[in-house]
Amino acid sequence: ERKYMVKISIVVPIYNVYNYMQRTVKSAQDQCGIDAEIILVNDGSTDGSGKLCDRFAEQDDRIRVIHKENGGLSSARNAGLDAASGQYILFLDGDDYLAPNAVSRLMDLAKIDDEVDFIQFQYAETDGSWLPDPNQQANVQLCTDSREMFRYLYQKGGVAASACTKLYRASLFESLRFREGIVHEDEELITRLLPVCHRVIYTQLVLYGYVMRGGSIVRDRFNPHKLDVFEIMDERAET
């Protein structure tokens with residue numbers, strides 16, 4: 001039974017994560033009390049992930065699949081944004097998973113302020129065994145000062161820089177997309193997003209399982225693209 005009449009678009013980039021997809025997609029499907037569309041963006045997978053996306057879509061009319069040539073995480077998320085029709089956006093990486101009722105809990109918090117731009121929540125680093133505490137407290141804080149928002153970005157580090165730990169008002173993305181061809185695309189986007197935000201809610205709720213696995217972009221060995229972060233810091237300092 002739907003508790004909220006607004007639509008939520010859950011954008012899931014998929015690239016060679018066949019062994020993780022069942023849990024990832026199911027965690028999106030199991031979100032209760034919301035009207036959701038789940039957009040699976042197959043970014044040129046070569047391991048059968050694309051066919052599995054199609055099977056999910058055949059079984060659930062809330063799921064839409066976009067097949068595209070490999071262009072990287074930013075490109076896949078941008079394709080999902082182009083297709084999204086919801087009033088709110090949530091990003092879920094193809095090997096991670098959401099807590100049950102994560103979105104409905106966030107929508108409960110959205111009632112605090114009708115004009116909130118995004119709600120920042122927490123993630124748990126996990127090997128895949130993480131289960132959320134059903135009794136955890138929200139500990140909500142409303143922030144309306146842009147300097148404070150940037151201070152939180154520095155203080156909280158990865159969780160504040162991550163694109164996946166926020167429920168966004170979709171209107172933020174009317175003219176905003178991820179920069180393609182860089183590694184720290186999340187942090188770069190958030191640096192450009194914060195100056196256009198006026199009201200942000202921060203909560204201590206841990207609602208996202210961030211799966212630590214070898215071979216993912218963030219945990220890969222050093223490569224020169226990781227120096228992109230210094231350019232992003234320069235942008236942030238100028239903002």
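All values derive from a computational prediction rather than experimental measurement.
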Residues Asp145 and Arg199 bridged, charged N to O under 4.0 Å | no
Could you please spell out the steps behind the side chain to side chain contact (heavy atoms under 4.5 Å, CB included) verdict for Val25 and Val12?
-> CA-CA 8 Å; Val25 175; Val12 190; 5.5 Å; no
Other residues, nucleotides, ligands: >12 heavy atoms within 6.0 Å of Glu115 CD = no
Backbone N or O of Asn135 within a donor-acceptor pair of the Gln137 side chain at under 3.5 Å?
-> yes
Start with the C-alpha distance between Met212 and Thr126, add both sets of side-chain angles, then the distance that settles side chain to side chain contact (heavy atoms under 4.5 Å, CB included), and finish with yes or no.
-> CA-CA 6 Å; Met212 309 297 286; Thr126 178; over 6 Å; no
What pairs with Lys26 under side-chain hydrogen bond (donor to acceptor under 3.5 Å, both in side chains), at least two apart in sequence or on another chain?
-> Asp30
Non-hydrogen atoms of Val17 and Asp95 that approach each other most closely | CG1-CB, 4.1 Å
Under 3.5 Å, is there a donor-acceptor pair between the side chain of Arg169 and the main chain of Val116?
-> yes
Just do the salt bridge (charged side-chain N to carboxylate O under 4.0 Å, His left out) check on Arg177 and Asp82 with the steps written out, would you?
-> CA-CA 9 Å; Arg177 290 293 184 271; Asp82 291 343; 2.9 Å; yes
Is any side-chain heavy atom of Val211 closer than 4.5 Å to a side-chain heavy atom of Asp127?
-> no
Minimal non-hydrogen separation, Ala163 against Arg77, with atom names = CB-NH1, 3.8 Å
Among Asn42, Asn78, Leu73, Ile66, whose side chain to side chain contact (heavy atoms under 4.5 Å, CB included) with Pro13 holds?
-> Leu73
Lys166 side chain to Ser162 backbone, donor-acceptor under 3.5 Å = yes
Going from CG on Asp117 to CG on Leu172, what distance comes out if it is rounded to the nearest 0.5 angstrom?
-> 5.0 Å
Linking I/L/V/M/F/W/Y whenever their side-chain heavy atoms sit closer than 4.5 Å, directly or via other members, would Tyr15 and Tyr97 fall into one cluster?
-> no
Do the side chain of Gln136 and the main chain of Pro132 share a donor and acceptor less than 3.5 angstrom apart?
-> no
Are Arg179 and Glu185 within salt-bridge range, i.e. N to O under 4.0 Å?
-> no
Which distance, rounded to the nearest 0.5 Å, do you find between the NZ of Lys68 and the OG of Ser45?
-> 10.0 Å
Main-chain N/O of Ile14 paired with Asp43 side-chain donor or acceptor, under 3.5 Å = no
Backbone N/O of Ser85 and side chain of Glu37: donor-acceptor pair under 3.5 Å = yes
To the nearest 0.5 Å, atom CE of Met149 lies from atom SG of Cys143 at 4.5 Å
Would you please test Arg55 and Glu58 for salt bridge (charged side-chain N to carboxylate O under 4.0 Å, His left out) and show each step?
-> CA-CA 5 Å; Arg55 288 215 297 274; Glu58 288 169 6; over 6 Å; no
Distance-minimising heavy-atom pair for Arg105 and Pro134 = NH1-O, 4.3 Å
Residues Tyr210, Tyr123; criterion ring-ring contact (aromatic ring centres under 6.0 Å, His included); working and verdict | CA-CA 6 Å; Tyr210 176 37; Tyr123 67 72; 5.1 Å; yes
Using only heavy-atom distances, determine whether the side chains of Thr203 and Gln120 contain a donor-acceptor pair under 3.5 Å.
-> no
Quick one: closest heavy-atom pair of Phe121 and Cys164, and the distance?
-> CZ-O, 3.4 Å
Would you check if Gln29 and Asp60 make a side-chain contact, meaning some heavy-atom pair closer than 4.5 Å?
-> yes
Closest heavy-atom pair and its distance - Trp130, Ala99 = CH2-CB, 3.9 Å
Counting heavy atoms not belonging to Lys51, are there more than 12 under 6.0 Å from its NZ?
-> no
Thr144 vs Leu142, side chain to side chain contact (heavy atoms under 4.5 Å, CB included): CA-CA, chis, key distance, verdict = CA-CA 7 Å; Thr144 58; Leu142 175 65; 4.3 Å; yes
Can you say whether the rings of Phe91 and Tyr168 are parallel (under 30°), tilted (30 to 60°) or perpendicular (over 60°)?
-> perpendicular
Mind listing the closest non-hydrogen atom pair of Met21 and Cys53 along with its distance?
-> CE-SG, 3.6 Å
Min side-chain heavy-atom separation Ile8-Gln31 under 4.5 Å = no
Check for a donor-acceptor pair, side chain of Ser9 on one end and backbone N or O of Gly86 on the other, with a separation under 3.5 Å.
-> yes
Any side-chain heavy atom of Phe118 sitting closer than 4.5 Å to one from Leu167?
-> no
Ser146 (side chain) donor-acceptor with Pro195 (main chain) under 3.5 angstrom | no
Heavy-atom check, side chain of Phe178 versus side chain of Arg192, under 4.5 Å = no
Would you indicate whether the side-chain heavy atoms of Thr24 and Asp96 approach each other to under 4.5 Å?
-> no
Can you find a heavy atom in the side chain of Leu40 that is under 4.5 Å from one in the side chain of Ile63?
-> yes
Could you verify whether a donor N or O on one side chain and an acceptor N or O on the other, from Thr46 and Asn16, lie under 3.5 Å apart?
-> yes
Return the orientation label for the Tyr202 and Tyr152 ring planes: parallel under 30°, perpendicular over 60°, tilted otherwise.
-> tilted
Does Ser104 use its side chain to pair, donor to acceptor, with the backbone of Asn101 at less than 3.5 Å?
-> yes
Can you check whether Lys7's main-chain N or O pairs, donor with acceptor, with Gln87's side chain at less than 3.5 Å?
-> yes
Considering residues, nucleotides and ligands other than Glu69, do more than 12 of their heavy atoms fall under 6.0 Å from its CD?
-> no
Under the side chain to side chain contact (heavy atoms under 4.5 Å, CB included) rule, what do Ile38 and Val11 come out as? Steps first, then yes or no, please.
-> CA-CA 6 Å; Ile38 302 166; Val11 175; over 6 Å; no
Any side-chain heavy-atom pair from Ile89 and Leu81 closer than 4.5 angstrom?
-> yes
